[in-house]
Colleague: 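My questions all concern the structure below.
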Amino acid sequence: MSDRILGDPARVTEDGTSEFVTHTDVSTQVNAGTATCELRDVLDRVGDKWSVLIMAMLGTGPRRYSDLRRSIDGISQRMLTLTLRSLERDGLVTRTVTPTTPPRVDYDLTAVGRTLSREVGALISWAEQHREYIAVARRTYDER
């Protein structure tokens, strides 16, 4: 079955015979392909650089939009808005609007978002510990 997910039209079974994908196996292939595609979509979202930084910042508690914008170096207003919307759509972030003048907008992690934030925190910690090593490795590689 795993060979089919990778798109291999045939594989050899334990008894040495070949198993070919037939027209009756199409639904299995479609379901496996859908699961793979959905997994890729989730990984694309949680692995995006802006999502990682936003999740890390919200890991310390709710933040206002303007605070996020000031704190994330290099992110445009449009990209912050799109990323927050995507995280909200995926159920990882909640958006709360307080009707004041001007309106106050706060973002916070959902329960599932908090579980991801812990993992993101570990990734950021690893990056901080190894950024000098990677910088040296890049320089060495580029000099070759």
Side-chain angles (χ1 to χ4, degrees), residues 1-14 18-22 24-144:
M1 179 73 88
S2 63
D3 293 330
R4 290 188 191 148
I5 292 172
L6 299 174
D8 188 10
R11 66 183 173 109
V12 178
T13 62
E14 285 183 66
S18 294
E19 178 180 318
F20 291 93
V21 178
T22 66
T24 59
D25 295 325
V26 170
S27 64
T28 303
Q29 283 183 308
V30 170
N31 290 340
T34 301
T36 302
C37 184
E38 289 171 354
L39 177 60
R40 190 176 56 242
D41 287 345
V42 171
L43 292 174
D44 285 346
R45 166 58 43 224
V46 301
D48 170 78
K49 71 177 177 179
W50 300 123
S51 296
V52 168
L53 292 171
I54 290 168
M55 296 293 294
M57 291 196 64
L58 294 176
T60 61
R63 296 285 187 102
R64 294 181 73 173
Y65 179 91
S66 57
D67 184 30
L68 290 169
R69 175 90 194 282
R70 277 191 304 272
S71 300
I72 301 174
D73 189 36
I75 194 167
S76 68
Q77 182 175 343
R78 180 178 173 351
M79 186 53 65
L80 178 58
T81 299
L82 290 173
T83 305
L84 285 167
R85 283 183 188 162
S86 294
L87 291 168
E88 183 180 9
R89 179 176 181 247
D90 291 345
L92 301 172
V93 168
T94 60
R95 178 179 184 262
T96 305
V97 179
T98 305
T100 59
T101 305
R104 178 184 170 128
V105 181
D106 291 287
Y107 292 89
D108 197 5
L109 295 174
T110 64
V112 171
R114 280 189 290 281
T115 65
L116 177 59
S117 180
R118 285 191 288 274
E119 304 302 325
V120 166
L123 177 62
I124 289 173
S125 177
W126 181 91
E128 288 172 343
Q129 291 172 10
H130 296 91
R131 68 180 160 197
E132 183 58 33
Y133 168 84
I134 291 171
V136 169
R138 285 178 179 174
R139 283 192 299 272
T140 302
Y141 180 90
D142 291 346
E143 289 170 0
R144 282 193 260 159

Colleague: Mind checking whether M57 and I72 have side chains closer than 4.5 Å, heavy atoms only?
Modeller: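 Result yes, sub-4.5 Å side-chain heavy-atom pair found.
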
Colleague: First locate atom CD1 of I54, then atom NZ of K49, and finally report the distance between them rounded to the nearest 0.5 Å.
Modeller: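 Here the rounded value is 11.5 Å.
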
Colleague: Taking atom types as modelled, find out whether Y107 and R63 have a side-chain donor-acceptor pair closer than 3.5 angstrom.
Modeller: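 On atom types as modelled, these side chains do not qualify, holding no pair under 3.5 Å.
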
Colleague: Ignoring hydrogens and angles, state whether a donor on the side chain of Y65 or T81 is under 3.5 Å from an acceptor on the partner side chain.
Modeller: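 Yes, T81 and Y65 have a side-chain donor paired with an acceptor closer than 3.5 Å.
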
Colleague: So which heavy atom on G113 is nearest to which on L109, and how close?
Modeller: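 Reported closest heavy-atom pair: O-CD1, 3.9 Å.
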
Colleague: Atom OH in Y133, atom NE2 in H130: separation rounded to 0.5 Å?
Modeller: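 The OH atom of Y133 sits 8.5 Å away from the NE2 atom of H130.
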
Colleague: Among D108, L58, L87, find the residue that satisfies the side chain to side chain contact (heavy atoms under 4.5 Å, CB included) test when tested with T94.
Modeller: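 That would be D108; it is the only one of D108, L58, L87 passing the side chain to side chain contact (heavy atoms under 4.5 Å, CB included) with T94.
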
Colleague: Let me confirm one number: the CZ-SG distance from R40 to C37, rounded to the nearest 0.5 Å.
Modeller: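 Rounded to the nearest 0.5 Å, the CZ-SG separation comes out at 4.5 Å.
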
Colleague: Below 4.5 Å, heavy atoms only, C-beta onward: do L68 and L80 meet side chain to side chain?
Modeller: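 Side chain of L68 against side chain of L80, heavy atoms only: contact under 4.5 Å found.
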
Colleague: In sequence, state the C-alpha distance, the side-chain angles, and the governing distance for V93 and T110, and then conclude on side chain to side chain contact (heavy atoms under 4.5 Å, CB included).
Modeller: CA-CA 5 Å; V93 168; T110 64; 5.8 Å; no

Colleague: Just wondering, do T96 and V105 contact through their side chains at under 4.5 Å, heavy atoms?
Modeller: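 The answer is no; the side chains never approach within 4.5 Å.
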
Colleague: State the CE-CD1 distance between M55 and I124, to the nearest 0.5 angstrom.
Modeller: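 Going from the CE atom of M55 to the CD1 atom of I124 covers 10.0 Å.
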
Colleague: CZ/R64 to CZ/R104 distance, rounded to the nearest 0.5 angstrom?
Modeller: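 Rounded to the nearest 0.5 Å, the CZ-CZ separation comes out at 4.5 Å.
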
Colleague: Could you check whether R139 pairs with E132 (Lys NZ or Arg NE/NH1/NH2 to Asp/Glu carboxylate O, under 4.0 Å)?
Modeller: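 Yes, this pair counts.
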
Colleague: Is the shortest heavy-atom distance from the side chain of L84 to the side chain of R95 under 4.5 Å?
Modeller: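 Not in contact.
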
Colleague: So E88 and D90, do their side chains get closer than 4.5 Å, heavy atoms only?
Modeller: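 Counting from C-beta outward, D90 and E88 never come under 4.5 Å.
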
Colleague: Taking atom CG of D67 and atom CG of D106, what is their separation to the nearest 0.5 Å?
Modeller: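 Taking CG in D67 and CG in D106, the distance rounds to 9.5 Å.
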
Colleague: Kindly give the heavy-atom pair with the smallest separation between S117 and G59, and that separation in Å.
Modeller: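 Closest pair (atom of S117, atom of G59, distance): OG-CA, 3.3 Å.
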
Colleague: Looking at T100, is its backbone amide N or carbonyl O close enough to the side chain of T98 to form a donor-acceptor pair, meaning the two atoms are under 3.5 Å apart?
Modeller: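 No; judged by distance alone, with no hydrogens or angles, the pair does not exist.
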
